[in-house]
2 protein chains.
Amino acid sequence: MAETAVAERLNGALNRILAGDCIEVMRRLPDASVDLVFADPPYNLQLKGELHRPDNSRVNGVEEGWDRFSSFGDYDRFTREWLREAQRVLKPHGAIWVIGSYHNIFRLGAELQNQGFWILNDVVWRKSNPMPNFRGKRLTNAHETLIWASKAEASKYTFNYDALKALNEGVQMRSDWVLPICTGHERLKGEDGAKAHPTQKPESLLHRIILATTNPGDVVLDPFFGTGTTGAVAKRLGRDFIGIEREDSYRKAAEARIAQIRRLDSVALETTSSKKAEPRVAFGVLVERGMLRPGEELWSLGGRHKAKVRADGTLVGQDVKGSIHQVGAHLEGAPSCNGWTYWHFRRDGGYVPIDVLRQQVRAEMAQHH
Amino acid sequence: MAETAVAERLNGALNRILAGDCIEVMRRLPDASVDLVFADPPYNLQLKGELHRPDNSRVNGVEEGWDRFSSFGDYDRFTREWLREAQRVLKPHGAIWVIGSYHNIFRLGAELQNQGFWILNDVVWRKSNPMPNFRGKRLTNAHETLIWASKAEASKYTFNYDALKALNEGVQMRSDWVLPICTGHERLKGEDGAKAHPTQKPESLLHRIILATTNPGDVVLDPFFGTGTTGAVAKRLGRDFIGIEREDSYRKAAEARIAQIRRLDSVALETTSSKKAEPRVAFGVLVERGMLRPGEELWSLGGRHKAKVRADGTLVGQDVKGSIHQVGAHLEGAPSCNGWTYWHFRRDGGYVPIDVLRQQVRAEMAQHH
DNA sequence: CGGCTCATTGAATCAAATG
DNA sequence: ACATTTGATTCAATGAGCC
């Protein structure tokens, strides 16, 4: 059957590094099959001569052939083609991350928008230890830019809000991330001691991206796999990956690297991923259980509005009947209202939010499991 | 003579706010006549409905007609036209700054490159107090992006490296700037108390830009003048400005605002623009003068970290040697550290910041002038 | 349906100190 | 005792827009 063939085509690629040009290799992947694309394409650095430090030592920059394009138009064509394939292989609710510097990120972002991707955030990776500007002719180039976009405007993309909030000491994560560049033991070296890849990204960066925008078991495609940071982090976090890389030496280094990675056990994965949504409790359950009596009055904070509880778990207030949310919204003239925090019952002269009753129910439910 | 006519056309516009559409007005300005363009064009926010805070209050966002475009193509055409005029009126060694968010900055940057501007840096304005993400559906959009580009690749652009280094506590200025958004008394209000402009930029941002990339007497053109932050800062810093603004209410607010600004006197200008501003005091001077002894210990506040003073004005701490700033940053695992405020010496059982010693040296230096 | 917000400013309120 | 000032604390508002 066709479906089986498609599944096999995908499964054959899972957790492997496919050799070849990323556009050609992506063409062989089935439609709507991956959850996330992470792409670190060539930056089109347009370097002129060599750069030396003030002590005259030579800066070992990006000089590889894969970063040479003849013009902006040439780079745009390349971008357009690989983005088109990336969009095709994404599931309807999938998303993409791209990273770049001022040399290429504007072209990349514009092309994403042109192809119908819907930008969700641009994120600044603020390097805690950037290379200084030796010549004193510009500002220290201390950041790179990432763009996070869903496949389309209507996509219900994945965002593990609570996991990121936890990562950020309890306040919501911002669009600027301070992370060190990849150095030390994490930086892959060749047998000659030289760095294996000129632009290896830190695992901390991929950790945050994969944690934020995928779930365990999701498939992450990296069409510019390099030495495999995406694969290493995906494997550790219990995600599947598909890598595409043209250069033999990078593939080899990546394979050795990823083979040594161990998947975190499910407990560790659970704690790093978002807190499970708490079980839904219908307001009517509070009435069924006798925690609130039919006919009892609920109050908005301060007692400005009131409504009466009915046996079926709806409320009736001034000129309005409906759910706790609907009645609250109507009385406030608001577009919406969280009835759980809006409505209060009276105890000992004070107002207690009905949400505490829901907490009790949830606690009891947890006991029985 | 033709030259005189051109000079008159320019002089007639200096330190004035020209009314009208920026493209049409720029067409009347002579070629190669301004040193810097600062442009804060509409962001093309593509807003859908209203946004409410969790407490149901409504966010008063950008609803003005000037931010509405029918498509990306429409926005691109607009961008192309005003950028073309901006480039024409720039002197050969002139430069441009543009600011935007992820909604428009990629299109803006790509068009800059297409027209032959040469990008020097992209700069991230990290907002210290951004609006949070109320829905918990994305990252807090906590930054905006600026692009600094010269008129052409060959332009010998202005960059006051030392002034920016001085502004940044003696280490070279990075491409990420932390500045608060424009609030409080600085935010212009109408007679009804409502904000006069929905997107007024902070003066601190323009101060840094104008200080960094112009010299006193230079001409700064702002084609989207709004309520005149560019003009206010330019005037204060002894630069000339040309503003262009379509909306009467913004022009009026800007004129009243700028009329109240006083140009800094030449001494203050000198101090803001040169590294001699606050006379730089090397830490080693404190050792030379016997205010601190080699071998003496310095402490972080609370005494969590310590380091030893060496005779050459460097510190040595746990596994690290270097300047007071470097050692502090290393021990804190921070990207940077102001050693003057970080390090303390012990006196009478308390911690005294070494900055007080620097103040003493500066006071003594002032005596001799 | 119902879950979801951070840093800052400035006003309002109240307590303590002063004249 | 009463009016005034100062300081501490709390409360309310809001900023280039997001299911």
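The shown structure was predicted, so the numbers you read here are calculated from the model rather than taken from an experiment. Naming: A, B, ... by sequence-line order, numbering from 1 per chain.
Between Asp355(A) and Arg358(A), at least one side-chain N (NZ, or NE/NH1/NH2) sits under 4.0 Å from a carboxylate O, which counts as a salt bridge. The pair Glu153(A)-Lys48(B) meets the salt-bridge criterion, with a side-chain N (NZ, NE, NH1 or NH2) lying under 4.0 Å from an Asp/Glu carboxylate O. At a threshold of 4.0 Å, the pair Arg251(B)-Glu245(B) does not count as salt-bridged, since none of the basic side-chain nitrogens sits closer than that to a carboxylate oxygen. Salt bridge Arg346(A)/Glu297(A): absent, no basic N to carboxylate O contact under 4.0 Å.
For dA16(D), its base sits under 3.5 Å from the side chain of Lys201(B) at one donor and acceptor pair at least.
Across all strands shown, Thr183(B) has heavy atoms under 4.0 Å from sugar-phosphate atoms exclusively, and none from any base. Counting any heavy atom pair closer than 4.0 Å across all strands shown, Arg53(B) reaches a base atom. Backbone-only engagement by Gln326(A) is indicated by non-hydrogen atom pairs under 4.0 Å involving sugar-phosphate atoms exclusively. Pro130(B) comes within 4.0 angstrom of a nucleotide base, judged by non-hydrogen atoms across all strands. Using a 4.0 Å heavy-atom distance criterion, Ser336(A) is classed as a base contact. Nucleic acid contact for Pro54(B): base, since at least one base atom lies under 4.0 Å from a heavy atom of the residue. Residue contacts shown for Val171(A) are limited to sugar-phosphate atoms, with no base heavy atom under 4.0 Å away. Among the heavy atoms of the strands, none lies under 4.0 Å from Thr140(B). Counting any heavy atom pair closer than 4.0 Å across all strands shown, Asn60(B) reaches sugar-phosphate atoms only and no base atom. Within 4.0 Å of Arg174(A), counting heavy atoms only, lies no atom of the nucleic acid at all. Residue contacts shown for Pro41(B) include a base, since a base heavy atom lies under 4.0 Å away.
Spacing between atom CD of Gln200(B) and atom C1' of dT14(D) amounts to 14 Å, rounded to whole angstrom units. Lys189(B) places its NZ atom 12 Å from the P atom of dT9(C), with the value rounded to the nearest Å. Rounded to an integer number of Å, the gap from OH of Tyr102(B) to P of dG17(D) is 9 Å. Here the C1' atom of nucleotide dA16(D) and the CG atom of Leu47(B) are 9 Å apart, to the nearest Å. The CZ-C1' distance, from Phe134(B) to dA7(C), rounds to 11 Å in whole Å. To the nearest angstrom, P of dT5(C) lies 17 Å from CG of Asn141(B). Separating the CZ atom of Phe283(A) from the P atom of dG3(C) is a distance of 14 Å, rounded to the nearest angstrom. We find that NZ of Lys195(B) is positioned 6 Å from P of dA16(D), with the value rounded to whole Å.
Side-chain proximity of Asp40(B) to the nucleotides dC4(C), dA16(D), dG17(D) is greatest for dA16(D). Of the candidates dT8(C), dC18(D), dA16(D), dA16(D) carries the atom nearest the Val62(B) side chain, counting heavy atoms from C-beta on. Listed candidates were dG17(D), dC4(C), dC1(C). Nearest to the side chain of Arg280(A) is dC1(C). With distances taken from any side-chain atom of Thr199(B) to the nucleotides dA16(D), dC18(D), dT8(C), the minimum falls on dA16(D).
Taking the C1' atom of each, dC1(C) and dC19(D) are spaced 12 Å apart, rounded to whole Å. Nucleotides dA13(D) and dC4(C), compared at atom P, are 23 Å apart to the nearest Å.
DNA chain C is contacted by both Gly339(A) and Pro132(B); Gly339(A) maps to the nucleotide lying nearer its 5′ end (nearest heavy atom per residue). Comparing Asn338(A) and Gln172(A) by the nucleotide of DNA chain C whose heavy atom lies nearest to each, the residue mapping closer to the 5' end is Asn338(A).
Both distances falling under 3.5 Å, in either a Watson-Crick or a G-U wobble arrangement, place dA16(C) opposite dT5(D). Figure legend. dG17(D) is base-paired to no nucleotide; pairs are counted as Watson-Crick or G-U wobble with both atom distances under 3.5 Å. The partner of dT9(C) is dA12(D), judged by Watson-Crick or G-U wobble contacts that both fall below 3.5 Å.
Applying the 4.0 Å criterion to OP1 and OP2 of dT5(C), one finds that Lys165(A) has a side-chain N or O inside that range. Note on Ser128(B): every side-chain N or O is 4.0 Å or more away from OP1 and OP2 of dA7(C). For Arg58(B), no side-chain nitrogen or oxygen approaches OP1 or OP2 of dA13(D) to under 4.0 Å. For dC18(D), the OP1/OP2 oxygens have a side-chain nitrogen or oxygen of His103(B) closer than 4.0 Å.
Atom NE2 of His52(B) and atom CZ of Phe134(B) lie 11.0 Å apart (nearest 0.5 Å).
Judged by the 6.0 Å distance and 45° axis criteria, Arg107(B) is positioned over the aromatic ring of Phe72(B).
A parallel orientation is assigned to the rings of His197(B) and Trp66(B), their planes being inclined by less than 30° (bins at 30° and 60°).
One side chain, His143(B) or Ser175(A), offers a donor N or O that lies under 3.5 Å from an acceptor on the other.
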